[in-house]
Amino acid sequence: MKVLPFKIPKSSTDTLIYQEDVGRIFYDKLHQHQEIQISYIEKGEGTYIIGDAIGSFKPHDFFIIGEKLPHVFKCDTKPCEQVKMISLFFSKDSFGKNFFNLPEFFEFQSLFEAFNRGILVRYKTVEIEALMQRAKSTSKIDRFIILLEILKHLYKLPYNPLSSIILYNQYSEDEGKRMDHIFQFVMNEFHRNITLKEVANIAYMTPNAFCRYFKQRTNKTFVNFLTEIRIGNACKLLTKNEDLTILDICFRSGFNNLSNFNRKFKQIKGVTPSNFRKTHHT
């Protein structure tokens, strides 16, 4: 899946970049860059797409996104609310072509392989949060040491790769814009009935051509993609809105009948919506 190419602002002498994103939204265009990205969500909630993985993000989440891995963070913001993400950017060759191949970093090899698919960490992240906060106002050498400490912590924590495949395909910028338009449309309109013809028109294709095009670039059908977006929204409502019934959440997430919603939810999450809610609150 080609996306909008994005260059991380840096000087010619920078090898490790610190960046803060603060505002109403994060950069919300499907994009990729040459650097590995380590990001800590300090404020904000919403939906992420990383490679072919779709899910929800919330405060205290840590994401590590590999080189050239397509991604976008779509914020759920209310008026006057701000979001904040702290990030470090570097490449495996930033400190020398063979730096991370030295014997001292042998244990990091599996970690870098996992980065290629993106990882999400939600377990024992207090130490990493403190390191990310320190990285803002410190010297370049200390920031480098902080990066190594973060990698050491990540190596010891449980994680699972997010994307089922590594998406390195390079397409034209026009294709990147087309995929971004499709993703933005779905993330904004999933709560209502969306026809295949409607979304195919956005891509200026026939429905059959669009289905092939989408599957080739995302490793999943458009229907499955739309369902995952809807189930992700349902999960947020189940955990945050106890006053909503399962039926309310079903309709607010774009499903038109409860039995189909329950079946799809269990298919993707492994439990029923009601059990998901009970487990979360327990």
Side-chain angles (χ1 to χ4, degrees), residues 2-22 26-27 31-42 48 50-51 53 57 60-73 84-163 165-170:
K2 168 60 178 162
V3 295
L4 301 180
F6 187 82
K7 291 189 177 180
I8 305 302
K10 62 181 179 179
S11 72
S12 59
T13 59
D14 286 333
T15 54
L16 176 60
I17 312 301
Y18 174 91
Q19 179 174 299
E20 284 188 11
D21 294 292
V22 183
F26 298 135
Y27 182 68
H31 66 287
Q32 64 185 173
H33 40 69
Q34 297 289 334
E35 295 82 4
I36 296 169
Q37 175 178 341
I38 299 179
S39 290
Y40 160 55
I41 308 293
E42 186 172 311
Y48 68 78
I50 298 175
F57 66 86
H60 307 294
D61 282 353
F62 270 92
F63 290 90
I64 299 85
I65 302 168
E67 300 175 11
K68 303 179 184 177
L69 185 61
H71 57 282
V72 63
F73 290 88
K84 183 176 181 181
M85 177 192 290
I86 298 174
S87 300
L88 290 173
F89 297 91
F90 71 102
S91 72
K92 199 174 180 183
D93 298 335
S94 288
F95 315 109
K97 188 172 183 180
N98 294 310
F99 180 78
F100 282 112
N101 291 327
L102 293 172
E104 289 80 1
F105 300 117
F106 176 76
E107 61 186 16
F108 288 168
Q109 298 310 309
S110 60
L111 192 62
F112 278 104
E113 289 178 9
F115 289 172
N116 290 331
R117 296 185 179 186
I119 65 174
L120 167 60
V121 179
R122 285 176 168 164
Y123 180 74
K124 292 185 177 180
T125 61
V126 175
E127 295 88 349
I128 309 179
E129 290 180 27
L131 289 167
M132 292 292 283
Q133 296 287 1
R134 280 174 47 202
K136 178 179 181 178
S137 54
T138 189
S139 65
K140 289 186 178 181
I141 184 64
D142 285 336
R143 190 172 289 167
F144 168 71
I145 293 170
I146 285 172
L147 172 66
L148 295 183
E149 291 183 17
I150 289 173
L151 293 176
K152 185 173 71 173
H153 279 292
L154 289 173
Y155 171 74
K156 295 177 181 178
L157 294 177
Y159 60 83
N160 290 309
L162 293 173
S163 181
I165 58 173
I166 301 173
L167 300 170
Y168 279 159
N169 294 334
Q170 298 294 308

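Values reported hereafter were calculated over all heavy atoms of this structure, with side chains retained and with hydrogens, waters and symmetry mates removed. It should be emphasised that the depicted structure is a prediction, and the values quoted were computed from it without experimental measurement.
- Panel note: side chain Arg122, backbone Asp61; no donor-acceptor pair is recorded below 3.5 Å.
- Once rounded to the nearest 0.5 Å, the distance linking CE of Met85 with CD of Gln37 reads 6.5 Å.
- Taking CG of Leu120 as the start and CD1 of Ile65 as the end, the distance is 10.0 Å to the nearest 0.5 Å.
- For the atom pair CZ of Phe108 and CZ of Phe115, the computed distance is 8.5 Å after rounding to the nearest 0.5 Å.
- In this structure, CG in Leu157 is found 8.0 Å from CD in Glu127, a value given to the nearest 0.5 Å.
- Of all non-hydrogen atoms in Leu162 and Ala53, the two that sit nearest each other are O-CB, 3.3 Å.
- Scored by the ring-ring contact (aromatic ring centres under 6.0 Å, His included) test, Phe63 finds Tyr48, Phe73 as partners (sequence neighbours excluded).
- The shortest side-chain heavy-atom distance between Lys84 and Val22 falls under the 4.5 Å cut-off.
- The shortest distance between side-chain heavy atoms of Asn101 and Phe112 does not fall below 4.5 Å.
- The side-chain heavy atoms of Ile38 and Ile128, taken from C-beta on, include no pair separated by under 4.5 Å.
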Donor-acceptor contacts under 3.5 Å from residues 86-100 side chains, at least two apart:
unit_1	atom_1	unit_2	atom_2	d
Ser87	OG	Ser39	OG	2.5
Ser91	OG	Asp93	N	3.4
Ser91	OG	Ser94	N	3.2
Ser91	OG	Ser94	OG	3.0
Lys92	NZ	Gln109	OE1	3.4
Ser94	OG	Thr15	O	3.2
Ser94	OG	Ser91	N	2.8
Ser94	OG	Ser91	O	3.2

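- Scanning for salt bridge (charged side-chain N to carboxylate O under 4.0 Å, His left out) contacts around Asp21 gives an empty result, with sequence neighbours left out.
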Review item, side-chain donor-acceptor pairs of residues 144-152, under 3.5 Å, at least two apart:
none

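- With sequence neighbours excluded, no residue satisfies salt bridge (charged side-chain N to carboxylate O under 4.0 Å, His left out) with Arg134.
- Put simply, the side chain of His153 reaches to within 4.5 Å of the side chain of Leu131, judged on heavy atoms.
- Among residues two or more places apart in sequence or in another chain, the side chain to side chain donor-acceptor pair (under 3.5 Å) test is passed with Glu129 by Tyr40, His60, Thr125.
- Distance check, rounded to the nearest 0.5 Å: NZ of Lys140 to OH of Tyr18 gives 16.0 Å.
- Using a 4.5 Å cut-off on side-chain heavy atoms (C-beta onward), Met132 and Glu42 make no contact.
- In this structure, the side chain of His33 does not engage the main chain of His31 through any donor-acceptor pair within 3.5 Å.
- From Phe62, atom CZ reaches atom CG of Leu154 across 8.0 Å, with rounding to the nearest 0.5 Å.
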